[in-house]
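So the structure is just underneath, and the comments pick up after that.
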Amino acid sequence: QVQLAESGGGLVQAGGSLRVSCVASRRTLRSYTMAWFRQEPGKEREFVAAISRSGAITNYADSVKGRFTISRDNAKNAVYLQMNSLKPEDTAVYYCAAEIAPYADAIWTIPREYDYWGQGTQVTVSS
């Protein structure tokens with residue numbers, strides 16, 4: 001069973017940048033599709049970005065397209081989310097998620113498709 005741990009969250013001013021990381025233990029991430037979701041208090045968990053196990057396919061929520069970039073380093077067992085031009089509405093807890101990929105380009109945007117989750121890291125964007 002893979003265990004995920006996020007880091008890199010924090011407080012940043014609007015327009016600034018932040019990179020959050022997710023490192024896996026117990027299992028290599030090479031066989032997993034990886035994703036980032038976020039959640040604000042009282043709201044449902046929202047898809048942010050996903051990357052196929054090969055790294056060749058990515059998908060982004062419309063709200064972050066052109067500002068956020070998801071990447072992975074399978075040698076380091078890690079996935080990253082580079083967030084630029086941050087807005088106050090990006091404020092949320094960001095969660096890393098993983099799911100075994102049945103084929104190389106498998107990618108999902110729905111939380112229930114992912115079995116493994118990190119504990120989350122808080123990102124706060126001040127106006």
Side-chain angles (χ1 to χ4, degrees):
Q1 183 175 353
V2 65
Q3 289 188 335
L4 305 172
E6 302 95 335
S7 62
L11 174 64
V12 63
Q13 287 189 333
S17 297
L18 205 60
R19 188 178 84 155
V20 290
S21 303
C22 173
V23 177
S25 59
R26 293 196 174 186
R27 290 287 187 271
T28 176
L29 288 181
R30 296 178 187 275
S31 300
Y32 292 79
T33 296
M34 302 299 298
W36 288 95
F37 290 81
R38 65 188 182 187
Q39 190 169 21
E40 299 174 68
K43 294 188 177 181
E44 292 188 355
R45 196 160 292 189
E46 174 190 32
F47 171 74
V48 176
I51 187 167
S52 63
R53 73 183 190 200
S54 67
I57 306 297
T58 58
N59 194 357
Y60 296 92
D62 288 342
S63 59
V64 307
K65 206 169 289 185
R67 299 188 298 123
F68 290 12
T69 302
I70 188 171
S71 62
R72 65 189 299 158
D73 186 339
N74 287 339
K76 295 183 178 180
N77 242 15
V79 63
Y80 308 100
L81 184 68
Q82 177 67 44
M83 302 181 288
N84 299 329
S85 302
L86 281 161
K87 305 175 182 179
E89 50 263 44
D90 294 319
T91 295
V93 177
Y94 282 71
Y95 295 92
C96 175
E99 181 57 36
I100 288 280
Y103 52 92
D105 295 342
I107 203 164
W108 308 279
T109 63
I110 301 173
R112 67 172 181 266
E113 298 289 351
Y114 293 86
D115 281 337
Y116 304 103
W117 294 84
Q119 81 288 351
T121 185
Q122 177 71 46
V123 172
T124 302
V125 184
S126 63
S127 57

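FYI, side chains are in, hydrogens and waters are out, and symmetry mates aren't considered; it's all heavy atoms of this structure.
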Given Ser17, which of Val12, Asn84, Leu86 fulfils the side chain to side chain contact (heavy atoms under 4.5 Å, CB included) condition?
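One option only clears the test, and that one is Asn84.
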Just distance, no hydrogens or angles: give the donor-acceptor pairs under 3.5 Å from side chains in residues 97-111, sequence neighbours left out.
residue	atom	partner	partner atom	Å
Glu99	OE1	Asp115	N	2.8

Please name all residues satisfying side chain to side chain contact (heavy atoms under 4.5 Å, CB included) with [X], sequence neighbours left out, ordered by chain then number.
X     : answer
Ala14 : Pro88, Val125
Ser7  : Ser21
Thr69 : Tyr60, Gln82
Val23 : Ala78

I want to check something: taking the side chain as every heavy atom from C-beta on, are [X] and [Y] in contact at a cut-off of under 4.5 Å?
X      : Y     : answer
Leu81  : Val48 : yes
Trp117 : Phe37 : yes
Val123 : Met83 : yes

Interatomic spacing from [atom1] in [X] to [atom2] in [Y] - rounded to 0.5 Å:
X     : Y     : atom1 : atom2 : result
Arg30 : Arg53 : CZ    : CZ    : 12.0 Å
Leu4  : Tyr32 : CG    : OH    : 8.5 Å
Glu6  : Cys22 : CD    : SG    : 5.5 Å

Return the set of residues passing side chain to side chain donor-acceptor pair (under 3.5 Å) with Asn74 (not counting sequence neighbours), or none when no residue passes.
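Partners of Asn74 by the side chain to side chain donor-acceptor pair (under 3.5 Å) criterion, ordered by chain and then number, come out as Arg72.
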Where is the tightest heavy-atom contact between [X] and [Y], given as atom of each residue plus distance?
X     : Y     : result
Glu46 : Ser63 : OE2-OG, 4.2 Å
Ser85 : Arg67 : O-NH1, 2.9 Å
Val79 : Ser71 : CG2-O, 3.0 Å
Glu40 : Ala92 : CG-CB, 4.0 Å
Lys43 : Gln39 : O-NE2, 2.9 Å

May I ask you to say whether Asp62 pairs ionically with Lys65, meaning some side-chain N is under 4.0 Å from a carboxylate O?
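Yes, this pair counts.
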In this structure, would [X] and [Y] fall into the same cluster of hydrophobic residues linked by side-chain contacts under 4.5 Å?
X     : Y     : result
Leu18 : Trp36 : yes
Ile70 : Tyr95 : no
Val64 : Val93 : no

side-chain contact (heavy atoms from CB on, under 4.5 Å) between Gln122 and Thr91: does it pass, once the steps are laid out?
CA-CA 8 Å; Gln122 177 71 46; Thr91 295; 4.0 Å; yes
